[in-house]
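Take a look at the structure below.
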Amino acid sequence: MKLADIIRHTEANLVVGNDLDQHDLKKAFSSDLMSDVLTLDTENILLITGLTNPQLIRTAEIADIEVVLLARNKKASAEMIELAREVGVVLLETPYSIYRASGILYKNGLEPVY
């Protein structure tokens with residue numbers, strides 16, 4: 001699923017990133033447990049989470065996650081934004097809950113990791 005489609009379906013705001021056609025995500029994973037995220041061995045995934053701390057960006061970098069969707073109207077801090085720019089992680093923010101965002105994206109064809 002293209003980044004533009006994810007933004008449209010979840011009414012998300014693009015916080016960091018610019019090339020909407022560059023990212024073609026195949027699967028999504030929803031979690032607030034970064035230890036679970038670190039166990040993933042899948043490429044081209046979207047991480048949906050409610051966490052808003054710099055460790056989230058570091059975890060995404062280690063797990064090769066290119067796009068993170070912050071749920072529940074959570075806002076990225078200035079430190080997160082700067083770090084995401086440095087490591088090349090796209091950050092999105094949606095007013096939707098993790099459950100709602102996941103369901104909408106699944107309904108529109110984005111497969112789950114598990």
> Hey, mind stepping through I65 and F29 against side-chain contact (heavy atoms from CB on, under 4.5 Å) and telling me if it holds?
Replying inline: CA-CA 10 Å; I65 294 172; F29 187 74; over 6 Å; no

>> Test side-chain contact (heavy atoms from CB on, under 4.5 Å) on L14 and I7; report intermediate values, then the result.
In response: CA-CA 8 Å; L14 179 64; I7 291 169; 4.3 Å; yes

> What do the steps show when you test T49 against L70 for side-chain contact (heavy atoms from CB on, under 4.5 Å), and what is the final call?
Replying inline: CA-CA 5 Å; T49 187; L70 301 177; 4.1 Å; yes

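A salt bridge links D5 to R8: at least one charged side-chain nitrogen sits closer than 4.0 Å to a carboxylate oxygen.
With rounding to the nearest 0.5 Å, the separation of NZ in K27 from OH in Y114 is 10.5 Å. With rounding to the nearest 0.5 Å, the separation of CD in E61 from CD in E66 is 12.5 Å. In this structure, CD1 on I57 lies 4.5 Å from CE on M80, to the nearest 0.5 angstrom. Distance CD1/I81 to NZ/K75: 10.0 Å, rounded to 0.5 Å. With rounding to the nearest 0.5 angstrom, the OG atom of S31 is 8.0 Å from the CD1 atom of I98. One distance of note links CG of N108 with NE2 of H9; it measures 3.5 Å at 0.5 Å rounding.
Taking the side chain as every heavy atom from C-beta outward, I48 and L105 approach each other to under 4.5 Å. Counting heavy atoms from C-beta outward, R58 and V87 have side chains that approach closer than 4.5 Å. Here the side chains of V68 and L92 are not in contact, with every heavy-atom distance at 4.5 Å or above.
Formation of a donor-acceptor pair under 3.5 Å by the T94 side chain with backbone atoms of T10 is found in this model. Side-chain atoms of E93 come within 3.5 Å of backbone atoms of A76 as a donor-acceptor pair (strictly under, hydrogens ignored). Looking only at distances, no side-chain donor or acceptor of N44 sits under 3.5 Å from a matching main-chain atom of K26. Although no hydrogens or angles enter the test, the distance criterion places a donor-acceptor pair under 3.5 Å between the side chain of D32 and the main chain of G50. The main-chain N or O of Q55 is found under 3.5 Å from a side-chain atom of N53 such that the two form a donor-acceptor pair.
Cluster annotation: M34 is not connected to L69 through the hydrophobic network of ILVMFWY side chains, with a link wherever side-chain heavy atoms come within less than 4.5 Å. In terms of hydrophobic clustering, with Ile, Leu, Val, Met, Phe, Trp and Tyr side chains grouped at heavy-atom distances under 4.5 Å, L56 and V16 are assigned to a common cluster. Connection of I6 to V67 is established within a shared hydrophobic cluster, with ILVMFWY side chains joined at heavy-atom distances below 4.5 Å, either directly or through further cluster members. Each of L110 and L40 belongs to its own hydrophobic cluster when Ile, Leu, Val, Met, Phe, Trp and Tyr are linked at side-chain heavy-atom distances under 4.5 angstrom. In the hydrophobic cluster analysis, where Ile, Leu, Val, Met, Phe, Trp and Tyr join through side-chain heavy atoms closer than 4.5 angstrom, L46 is grouped apart from L51.
Heavy-atom neighbours of E111 CD from other residues, nucleotides or ligands within 6.0 Å: above the threshold of 12. Around CD of E79, the count of heavy atoms belonging to other residues, nucleotides or ligands within 6.0 Å does not exceed 12.
Contact record, S97 with A71: C-CB, 4.0 Å, taken as the closest heavy-atom pair.
Put simply, the residue from L47, V37, I45 that forms a side chain to side chain contact (heavy atoms under 4.5 Å, CB included) with V113 is I45.
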